[in-house]
Trainee: 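Below: one structure in structure tokens.
The figures here come from the full heavy-atom set of this structure, side chains too, leaving out hydrogens, waters and symmetry mates.
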Amino acid sequence: MLAWTVDHSSPSHLGLREVPDPAPGPHDAVIQVRAFAPNHGDLEALPSLPDGMIPGWDAAGVVVAEALDGTGPRLGQVVASLGTDSAWAERRLATAESVGVAPDGADPHRTSVVPVAATSALRGLRRLGPLLGRRVLVLGGTSAVGLFAVQLAARAGAEVVATTRNPAAHQRLVELGAHEVVASPSDLDGDVSGVLDLLGGTYLVQAFARLAPGGTLVALGHAAGQGEHFAYGDLFGDAARHDRSLTTFFLGAEPDLGPDMAWLAAEIHGGRLDPVVGAVRSWRELPDAFAAGVERTSGKIVLAIE
Ligand SMILES: NC(=O)c1ccc[n+]([C@@H]2O[C@H](COP(=O)([O-])OP(=O)(O)OC[C@H]3O[C@@H](n4cnc5c(N)ncnc54)[C@H](OP(=O)(O)O)[C@@H]3O)[C@@H](O)[C@H]2O)c1
């Protein structure tokens with residue numbers, strides 16, 4: 001089969017080449033990958049990966065061989081597939097635990113954004129507890145995870161505040177469900193009950209200062225690329241600031257993701273959740289689609305395998 005493999009002799013650290021088909025164990029189904037949607041984190045990690053490895057966390061495709069032990073998805077089903085490698089290839093192995101089965105007729109292109117971006121948003125928001133009637137800040141609203149978090153938090157009944165540095169993105173965030181859009185947490189009037197943070201750095205520190213008593217900040221992402229420096233007093237508890245918590249998150253350690261991925265795929269298929277696909281391109285264009293200097297689209301770039 002053809003696969004993108006790590007190739008440090010290339011400026012992109014990638015080469016498209018023939019590799020052996022994956023060899024399924026008894027618990028593995030084989031998926032014909034139809035699309036994958038690289039995360040910026042996947043691309044940033046390339047220089048540190050071993051030569052020859054097939055990268056990529058998420059993919060969507062069609063089951064072409066069921067697992068011999070009878071578990072997992074059935075022949076012909078469209079699935080969202082999550083793993084820590086081997087997504088950027090024509091075929092990928094998947095266990096019952098690593099896939100969400102999409103409804104019949106689901107579009108693999110739109111399903112390919114589910115595994116990392118949508119599922120991280122869903123699981124990160126769950127850490128904030130019930131959202132109905134609560135004010136929630138999505139720090140990094142235009143990130144791939146943030147675009148889902150805005151929609152899901154609004155669906156759950158939250159009053160959503162989203163951040164972006166880009167004024168041109170305000171309208172889109174409002175259309176997706178944001179009640180308010182600001183450039184940074186320091187622009188907020190009043191407190192929030194919870195924060196889903198995709199940025200880190202000074203944004204995290206400022207957002208923590210806006211947490212109401214009992215509130216939680218989930219440090220899910222670090223797109224700002226800065227350290228977090230709390231000043232003396234920032235972590236004090238008093239009548240207005242007691243019981244605030246900050247927790248970290250790692251999708252790879254989240255249990256039982258299959259049913260949530262299946263639900264997200266069904267919501268996208270049913271038109272109730274916007275996959276916010278920025279562009280669909282041929283998978284052969286992977287390095288060009290993400291090359292330095294290429295203007296970023298709002299939403300994920302999906303790479304389709306013809
Ligand atoms: N913990 C986990 O399991 C997990 C899972 C998924 C993702 N993540 C992490 O979550 C973060 C978001 O990932 P993603 O793929 O959704 O992100 P993304 O699509 O690359 O978006 C990043 C966003 O951050 C904003 N941004 C970038 N640099 C910034 C800076 N210096 N200051 C302020 N804002 C900045 C940009 O928004 P504007 O230009 O609109 O301001 C951009 O839209 C990443 O750090 C990723 O590694 C973690």
Side-chain angles (χ1 to χ4, degrees), residues 117-224 226 228 230-231 233-249 251 254 260 263-264 267 272-274 276 298:
T119 310
S120 295
L122 175 63
R123 286 294 176 100
L125 286 172
R126 287 228 182 107
R127 298 277 185 95
L128 301 180
L131 300 181
L132 183 62
R134 292 196 164 143
R135 193 172 188 223
V136 166
L137 175 64
V138 178
L139 208 43
T142 57
S143 68
V145 177
L147 291 164
F148 282 108
V150 166
Q151 297 182 71
L152 293 170
R155 283 268 302 267
E159 179 190 329
V160 181
V161 186
T163 70
T164 174
R165 298 165 302 174
N166 177 9
H170 283 214
Q171 182 57 32
R172 186 72 180 114
L173 287 166
V174 169
E175 286 164 9
L176 291 174
H179 296 71
E180 191 183 345
V181 183
V182 295
S184 88
S186 54
D187 300 324
L188 276 178
D189 286 330
D191 289 344
V192 294
S193 299
V195 180
L196 189 71
D197 177 19
L198 293 323
L199 300 178
T202 53
Y203 295 92
L204 182 155
V205 175
Q206 289 172 4
F208 194 79
R210 297 297 177 148
L211 262 188
T216 299
L217 183 152
V218 178
L220 195 151
H222 311 277
Q226 307 164 350
E228 289 86 19
F230 287 93
D234 282 355
L235 300 180
F236 283 12
D238 55 28
R241 299 180 296 171
H242 59 92
D243 289 330
R244 296 169 298 160
S245 56
L246 191 163
T247 185
T248 54
F249 175 94
L251 181 67
E254 290 283 306
D260 282 344
W263 181 77
L264 289 161
E267 292 304 290
R272 295 175 293 277
L273 185 65
D274 188 335
V276 211
S298 177

Trainee: Could you give me the CA-CA distance, side-chain angles and deciding distance for Leu147 and Leu173, then say whether side-chain contact (heavy atoms from CB on, under 4.5 Å) is met?
Mentor: CA-CA 7 Å; Leu147 291 164; Leu173 287 166; 4.1 Å; yes
Trainee: Just by distance, do the side chain of Arg155 and the backbone of Arg272 share a donor-acceptor pair under 3.5 Å?
Mentor: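 Yes; at least one donor-acceptor contact below 3.5 Å.
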Trainee: Measure the shortest side-chain to side-chain distance between Leu176 and Asp274 over non-hydrogen atoms and say whether it is less than 4.5 angstrom.
Mentor: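 Touching, per the 4.5 Å side-chain cut-off.
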Trainee: With heavy-atom distances below 4.5 Å as the criterion, would you say the side chains of Arg165 and Leu199 are in contact?
Mentor: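 No, side chains not in contact.
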Trainee: Can you see which heavy atom on Thr142 is nearest to which on Ala169, and at what distance?
Mentor: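 The answer is CG2-CB, 3.6 Å.
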Trainee: Within the distance-only criterion (no hydrogens, no angle test), does the side chain of Glu228 pair as donor or acceptor with the backbone N or O of Gly201 below 3.5 angstrom?
Mentor: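 Flag set: sc Glu228 to bb Gly201 pair under 3.5 Å.
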Trainee: Can you check whether Thr164 reaches Val182 side chain to side chain, under 4.5 Å on heavy atoms?
Mentor: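 No, every pair of side-chain atoms sits at 4.5 Å or beyond.
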Trainee: Spell out, as yes or no, whether a donor-acceptor pair under 3.5 Å connects the side chain of Arg135 to the backbone of Asp191.
Mentor: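 Pair found, side chain donor or acceptor close to backbone of Asp191.
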Trainee: Less than 4.5 Å apart, side chain to side chain, heavy atoms only: is that true for Phe148 and Val138?
Mentor: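 No, their side chains stay 4.5 Å or more apart.
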Trainee: Within the structure provided, determine whether Leu246 and Asp197 are in side-chain contact (heavy-atom separation under 4.5 Å).
Mentor: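 Contact flag for Leu246/Asp197 side chains = no.
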Trainee: Does any pair with a residue in residues 151-204 pass ring pair (Phe, Tyr, Trp, His ring centres under 6.0 Å), and if so which ones, sequence neighbours excluded?
Mentor: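 Sorted result for residues 151-204: empty, none.
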Trainee: Measure from the side-chain N and O atoms of Arg210 to the backbone N and O of Leu188, and report whether any donor-acceptor pair falls under 3.5 Å.
Mentor: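 Yes, the answer is positive, given that a donor and an acceptor are paired below the 3.5 Å cut-off.
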Trainee: If I compare all heavy atoms of Pro185 with all of Leu139, which pair ends up nearest, and what's the gap?
Mentor: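 Pro185 and Leu139 have their closest heavy atoms at CG-CD1, 3.5 Å.
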Trainee: Please report the shortest heavy-atom distance between Leu198 and Ser143, naming the atom on each side.
Mentor: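 Where Leu198 meets Ser143 most closely, the heavy atoms are CG-OG, 3.5 Å.
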Trainee: Using modelled atom types only, decide if a donor and an acceptor are shared between the side chain of Thr163 and the backbone of Gly140 within a distance under 3.5 Å.
Mentor: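 Yes, Thr163 side chain to Gly140 backbone: donor-acceptor pair under 3.5 Å.
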Trainee: Drop me the distance from Leu152's CG to Leu264's CG, to the nearest 0.5 angstrom.
Mentor: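 Spacing of CG (Leu152) from CG (Leu264) equals 6.5 Å.
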Trainee: Okay, side chain of Arg244, backbone of Phe208: is any donor-acceptor separation there less than 3.5 Å?
Mentor: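 Yes; judged by distance alone, with no hydrogens or angles, the pair exists.
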Trainee: Working to the nearest 0.5 angstrom, can you tell me the gap between Glu180 CD and Asp187 CG?
Mentor: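 If we round to the nearest 0.5 Å, Glu180:CD and Asp187:CG are 9.0 Å apart.
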Trainee: Any side-chain heavy atom of Leu137 within less than 4.5 Å of one from Leu211?
Mentor: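 They are not in side-chain contact.
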Trainee: If you take all heavy atoms of Ala154 and Gly177, which pair is closest and at what distance?
Mentor: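 Nearest heavy atoms, Ala154 then Gly177: CB-O, 3.6 Å.
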Trainee: Step by step, would you call Gln151 with Val276 a side-chain contact (heavy atoms from CB on, under 4.5 Å)?
Mentor: CA-CA 11 Å; Gln151 297 182 71; Val276 211; 3.6 Å; yes
Trainee: For the pair Leu196 and Val136, evaluate side-chain contact (heavy atoms from CB on, under 4.5 Å) and give the outcome as yes or no after the intermediate values.
Mentor: CA-CA 8 Å; Leu196 189 71; Val136 166; 5.6 Å; no
Trainee: Write down the atom of Ala178, the atom of Val150, and the distance for their closest heavy-atom approach.
Mentor: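 Where Ala178 meets Val150 most closely, the heavy atoms are N-CG1, 3.6 Å.
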Trainee: Do you know which two heavy atoms are closest between Leu125 and Ala153, and how far apart they sit?
Mentor: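 Leu125 and Ala153 have their closest heavy atoms at CD1-N, 3.7 Å.
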Trainee: In sequence, state the C-alpha distance, the side-chain angles, and the governing distance for Arg127 and Thr247, and then conclude on side-chain contact (heavy atoms from CB on, under 4.5 Å).
Mentor: CA-CA 9 Å; Arg127 298 277 185 95; Thr247 185; 3.8 Å; yes
